[in-house]
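Any value given below was found using the heavy atoms of this structure, including those in side chains, with hydrogens, waters and symmetry copies removed.
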Amino acid sequence: EKEGATTLNIILKSDVLGSAEAVEESLEKINTEEVKVKIVDRSLGNVMEGDVKKAEAAEAEIIGFNVKVPSSVENLIKEKDVKVNTFSVIYELIEHVKKEMEALMSPEYEREDLGRLKVLAIFRTEKDHQIVGGKVLEGNIQQDSNIEVVRNNEVVEQGKLTELKCGKEDVSNVEKDQECGIKYEGKPVIQ
């Protein structure tokens, strides 16, 4: 196992040995650098109380292929808060596990600078927002963007642009060399 990789623990239940081997082989193929599937236990037959207890101890999800969950076991599943999913199509099982793996991955954020606005006037200052007017110096300004307030080439504060107006009209975008008004949500530090 690679250092730092997250593991998705699974207890695999299947109807026959051939199915279990096919599912295991398919799960090995979807491992990534960041998230690995680890089968902590495998057995044949329906999901039983012992499987639920093992899943709780191993912080694992029970994945069943062509098996059932007896009603007598369902109460224990709810009590122990264990995830149990059964499938009759391998493709659906694999898709489910892929989604579980994606949920464990760290989201990737990519910064894209949209534009710069020079503040010309402050119209209103409240404890959690400001309404300011300015001129777009470069790029463009877009509604619902994140804002960095920069003073002397240093980021002073971060917030969100929640309203954008050109004249008295609500707009979604203002281009270079145009003037606009914005509502900045965040600590009121704009000067």
Do Thr32 and Met105 have side chains that get closer than 4.5 Å, going by heavy atoms?
-> yes
To the nearest 0.5 Å, what is the distance between CG (Leu93) and CD1 (Ile10)?
-> 7.5 Å
May I ask you to test the Ser14-Leu44 pair for a side-chain heavy-atom distance under 4.5 Å?
-> yes
With the side chain counted from C-beta on, respond yes when Val136 and Arg116 share a heavy-atom pair under 4.5 Å apart, and no when they do not.
-> no
What is the distance from atom OG of Ser145 to atom CG of Asn140, rounded to the nearest 0.5 Å?
-> 8.0 Å
Least distance between heavy atoms, Val156 atom then Arg151 atom | CG2-CB, 3.5 Å
Between Lys98 and Glu95, is the closest basic N to carboxylate O distance under 4.0 Å?
-> yes
Return the minimal non-hydrogen interatomic distance between Val171 and Gln143, and the atom names on each side.
-> O-OE1, 3.2 Å
Identify whether Ile30 and Leu8 are in the same connected component of the hydrophobic contact network (ILVMFWY, side-chain heavy atoms under 4.5 Å).
-> yes
Nearest 0.5 Å please: distance from the CG atom of Asn9 over to the CD atom of Glu100.
-> 12.0 Å
Are any non-hydrogen side-chain atoms of Leu27 and Ile94 less than 4.5 angstrom apart?
-> yes
So do the side chains of Cys180 and Leu117 get within less than 4.5 Å of each other, counting heavy atoms only?
-> yes
Do other residues, nucleotides or ligands put more than 12 heavy atoms under 6.0 Å from the CD atom of Glu59?
-> no
Provide the closest heavy-atom pair for Glu179 versus Leu120 in the form atom of the first, atom of the second, distance.
-> OE2-CD1, 3.7 Å
State, without any angle test, whether Glu148 and Asn146 hold a side-chain donor-acceptor pair at a distance under 3.5 Å.
-> no
Side-chain heavy-atom pair Lys13, Asn46 within 4.5 angstrom cut-off = no
Going only through I, L, V, M, F, W and Y residues with side-chain contacts under 4.5 Å, is there a path from Val189 to Val132?
-> yes
Is there a chain of hydrophobic side chains (I, L, V, M, F, W, Y, each step under 4.5 Å between heavy atoms) that links Leu12 to Met48?
-> no
So, for Ile90 and Ser26, which heavy atoms are closest and what is the spacing to 0.1 Å?
-> CG2-OG, 4.2 Å
Is there side-chain contact between Ser43 and Asp51, with at least one heavy-atom pair below 4.5 Å?
-> yes
Which atom pair, heavy atoms only, marks the closest approach of Glu157 to Tyr184?
-> CG-OH, 3.4 Å
Under the side chain to side chain donor-acceptor pair (under 3.5 Å) criterion, do Thr6 and Lys36 qualify, and how do the steps go?
-> CA-CA 6 Å; Thr6 304; Lys36 307 266 184 224; over 6 Å; no
Side chain of Lys160, backbone of Asp144: donor and acceptor closer than 3.5 Å?
-> yes
Is the side chain of Gln130 donor-acceptor paired with the backbone N or O of Ile190 at a distance under 3.5 Å, no angle test?
-> yes
Per-pair distances, 0.1 Å, donor-acceptor, side chain in residues 60-82, under 3.5 Å, sequence neighbours excluded:
residue, atom, partner, partner atom, Å
Glu61, OE2, Asn85, ND2, 2.7
Glu61, OE2, His96, NE2, 2.6
Asn66, ND2, Asp15, OD2, 3.2

Give, for atom CD of Glu163 and atom CD1 of Ile131, the distance between the pair rounded to the nearest 0.5 Å.
-> 6.5 Å
Cluster overlap Val119 with Leu161, hydrophobic side-chain contacts below 4.5 Å = yes
Would you indicate whether the side-chain heavy atoms of Val40 and Ile11 approach each other to under 4.5 Å?
-> yes
Lys165, NZ: over 12 other non-hydrogen atoms inside 6.0 angstrom | yes
First locate atom NZ of Lys176, then atom NZ of Lys135, and finally report the distance between them rounded to the nearest 0.5 Å.
-> 9.5 Å
What do you reckon, is CD of Glu126 surrounded by more than 12 foreign heavy atoms closer than 6.0 Å?
-> yes
Mind listing the closest non-hydrogen atom pair of Val35 and Met101 along with its distance?
-> O-CE, 3.3 Å
Non-neighbouring partners of Glu92 that pass side-chain contact (heavy atoms from CB on, under 4.5 Å), sequence neighbours left out = Phe87, Val89
